[in-house]
Structure formats: structure tokens, C-alpha cells
Q: 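Sharing a structure below in C-alpha cells format, with a few things to ask.
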Amino acid sequence: MSAADEILDIVDEHDRVVGQSPRAEAYARGLRHRCVFIQARDADGRLFVHRRTPTKLVFPSLYDMWVGGVVGAGESYDDAALREAEEELGVSGLPKPAFLFKFLYDDGAGRTWWSAVYEVRCELPVNPQVEEVAWHDFLAEDEVQRRLPEWEWVPDGLDAYARFREYRKKES
């Protein structure tokens with residue numbers, strides 16, 4: 001089954017399931033679904049950053065500071081977070097990602113999804129999927145900050161990153 005054929009739960013503004021749809025149809029029709037964002041850091045605290053492949057259905061060839069993706073029909077956010085992190089990092093045996101918060105992403109142009117944000121420490125050697133990741137590295141936080149205005153980033157990832165930084169400020 002291709003990524004476009006994957007079945008997703010379609011949800012309302014309160015994150016209640018109201019139907020199901022193949023991913024390609026959900027994207028084409030702007031149907032609200034569920035996604036997970038996982039911030040992966042290495043043993044030194046550096047952030048996993050990557051450039052998406054040009055074949056991605058959404059935001060091809062853009063940079064991202066998250067691993068993650070859609071939540072499949074009937075799948076929990078927690079299960080999707082672990083699955084997506086292991087798939088995109090190319091590892092197995094990753095610790096369970098820690099849930100931080102959830103928000104509704106809506107770009108006003110038909111892209112809207114409930115987004116659960118997680119973090120995980122990855123001390124394993126990564127081997128990202130070539131179908132998903134064109135380039136990757138672990139970057140220090142100050143390097144990520146320097147690259148924000150220079151690189152073209154996925155818009156939902158930038159939104160999640162800004163919310164993550166606010167979340168961290170409130171916690172400290």
C-alpha cells in the first residue's frame with residue numbers, strides 16, 4: 001500500500017473521529033486528520049534536522065526539525081509517535097516518546113490537522129529512510145536558530161517549534 005492509500009481517521013475541531021479517508025483524498029479535500037511531531041535529540045542534546053525528499057505528498061524538499069507523520073485510522077497518538085520516530089530515524093528499540101502537548105494546526109488554506117507534540121532521546125546510530133529523508137544531521141540549538149531564516153522549513157513544523165519554545169518557557 002502506498003502512503004497515498006493509507007487510511008486516516010478524519011476528525012472534527014474537537015479531535016473526535018467523524019469518518020475515515022485515504023490520505024491522498026484527505027489532503028486533496030482538506031479533511032482534518034491527526035499527526036504527530038517528535039523532537040529527537042542525540043546524547044549531546046543536539047536536535048535531529050532533516051530535509052524531506054521531493055517525493056513527499058506534503059511539503060516536499062523542505063527542512064524539518066521534527067520527525068513524525070500522520071496517525072493511521074484507529075491508531076493512538078502515542079503508538080504513532082513511536083512508529084514514526086523509529087521509521088524516520090531508521091532505528092528500533094527507541095524509548096517511548098514523551099507526550100508534551102497537542103494543538104490544532106490550520107494554515108487557512110485547507111491544511112489542518114490535530115498535532116500531538118512529543119520528545120525523545122535517540123542515542124542509537126540513525127539510518128533515516130531514503131524515501132523520507134534526503135539529508136539529515138544533529139544540530140545544536142543555536143545552529144538551528146541561525147538556520148531558521150536561511151532554510152525553507154515546513155510551515156507546520158515551524159508552528160510546532162514556536163509552540164514548543166513557548167511550552168518550554170512556561171515550564172522553566
Side-chain angles (χ1 to χ4, degrees), residues 2-41 47-53 55-89 94-121 132-133 141 144-145 147-149 151-172:
S2 75
D5 297 325
E6 182 180 6
I7 303 299
L8 308 181
D9 284 334
I10 304 306
V11 296
D12 66 12
E13 66 275 9
H14 303 290
D15 197 19
R16 294 182 299 228
V17 176
V18 296
Q20 293 183 332
S21 174
R23 184 197 301 214
E25 182 182 339
Y27 287 178
R29 294 180 49 208
L31 302 175
R32 186 177 296 119
H33 52 283
R34 293 173 170 160
C35 289
V36 290
F37 291 79
I38 307 98
Q39 186 178 82
R41 292 186 180 268
L47 182 60
F48 181 82
V49 175
H50 66 282
R51 186 164 186 233
R52 297 164 62 89
T53 58
T55 57
K56 296 291 285 181
L57 289 173
V58 176
F59 309 133
S61 299
L62 300 186
Y63 287 90
D64 201 351
M65 70 277 291
W66 304 92
V67 295
V70 297
V71 178
E75 186 177 31
S76 71
Y77 282 110
D78 288 352
D79 289 345
L82 180 58
R83 176 183 54 77
E84 286 285 349
E86 287 188 336
E87 283 178 7
E88 286 196 29
L89 295 170
L94 199 62
K96 179 182 170 188
F99 173 78
L100 302 176
F101 61 91
K102 191 167 76 166
F103 70 98
L104 178 60
Y105 175 77
D106 189 336
D107 71 356
R111 290 189 173 137
T112 179
W113 39 84
W114 273 100
S115 307
V117 177
Y118 293 79
E119 63 184 352
V120 71
R121 180 76 61 174
E132 303 266 336
V133 177
E141 191 76 34
V144 173
Q145 290 298 310
R147 298 294 184 182
L148 286 176
W151 292 351
E152 190 174 4
W153 298 87
V154 297
D156 61 340
L158 282 177
D159 189 3
Y161 188 65
R163 291 169 188 263
F164 173 81
R165 291 177 58 84
E166 284 301 313
Y167 174 85
R168 283 293 182 229
K169 280 182 193 175
K170 290 177 187 173
E171 282 205 328
S172 50

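Position 1 is the first residue of the sequence, and the numbers go up from there. All heavy atoms count here, side chains included; hydrogens, waters and symmetry mates do not.
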Q: How long is the straight-line distance from CG of Asp156 back to CG of Asp106, given to the nearest 0.5 Å?
A: 11.5 Å

Q: Hey, are the side chains of Tyr118 and Gln39 touching, using non-hydrogen atoms and a 4.5 Å cut-off?
A: no

Q: Can you confirm whether Arg41 sits close enough to Glu141 that some side-chain heavy atom of one is under 4.5 Å from a side-chain heavy atom of the other?
A: yes

Q: Is there a side-chain contact between Leu148 and Gln145 (heavy atoms, below 4.5 Å)?
A: yes

Q: Using atom types as modelled and distance alone, determine if a side-chain donor or acceptor of Ser115 lies under 3.5 Å from a backbone N or O of Leu104.
A: no

Q: For a quick test of reading the model, state the closest non-hydrogen atom pair linking Val71 to Ser76 and the distance between them.
A: CG1-O, 4.0 Å

Q: Going by an N to O cut-off under 4.0 Å, is there a salt bridge joining Glu166 and Arg163?
A: no

Q: Please check if the side chain of His50 supplies one atom and the backbone of Phe48 the other of a donor-acceptor pair under 3.5 Å.
A: no

Q: Just how far is it from atom CD of Glu87 to atom CG of Leu94, taken to the nearest 0.5 Å?
A: 12.0 Å

Q: At their closest point, which heavy atom of Trp113 faces which heavy atom of Arg32, and how far apart are they?
A: CA-CG, 4.2 Å

Q: Fit a plane to each ring of Trp151 and Tyr63, take the angle between them on a 0 to 90° scale, and name the class: parallel (under 30°), tilted (30 to 60°) or perpendicular (over 60°).
A: parallel

Q: Could you check Asp9, Asp12, Val11 and say which one makes a side chain to side chain contact (heavy atoms under 4.5 Å, CB included) with Val18?
A: Asp12

Q: Indicate the atoms forming the closest heavy-atom contact of Val154 with Phe59, along with that distance.
A: CG1-CB, 3.5 Å

Q: May I ask you to test the Trp66-Phe164 pair for a side-chain heavy-atom distance under 4.5 Å?
A: yes

Q: Would you give the length of the straight line joining atom CG of Leu100 to atom CZ of Phe37, rounded to the nearest 0.5 angstrom?
A: 13.0 Å

Q: Would you say the side chain of Arg52 lies within less than 4.5 Å of the side chain of Pro60, judging by non-hydrogen atoms?
A: no

Q: When you measure from the side chain of Arg34 to the backbone of Leu8, do you find a donor-acceptor pair of N or O atoms at a distance under 3.5 Å?
A: no

Q: Start with the C-alpha gap between Arg23 and Val58, add the side-chain angles, then the distance that decides, and say whether side chain to side chain contact (heavy atoms under 4.5 Å, CB included) holds.
A: CA-CA 11 Å; Arg23 184 197 301 214; Val58 176; over 6 Å; no

Q: Is it true that a side-chain atom of Glu88 and a backbone atom of Glu132 form a donor plus acceptor pair closer than 3.5 Å?
A: no

Q: Return the minimal non-hydrogen interatomic distance between Arg147 and Trp153, and the atom names on each side.
A: O-NE1, 3.2 Å

Q: Of all the heavy-atom pairs spanning Val120 and Ile38, show the shortest one and how long it is.
A: CG1-CG2, 3.6 Å

Q: Search all heavy atoms of Glu84 against all heavy atoms of Val36 and return the closest pair with its distance.
A: CG-CG2, 4.1 Å

Q: Nearest 0.5 Å please: distance from the CD atom of Glu119 over to the CG atom of Leu47.
A: 10.5 Å

Q: Could you tell me how the ring of Phe101 sits relative to the ring of Phe103: parallel (under 30°), tilted (30 to 60°) or perpendicular (over 60°)?
A: tilted

Q: I want to check something: taking the side chain as every heavy atom from C-beta on, are Val70 and His33 in contact at a cut-off of under 4.5 Å?
A: yes

Q: Look at atom CD of Glu152 and say whether more than 12 heavy atoms of other residues, nucleotides or ligands are closer to it than 6.0 Å.
A: no

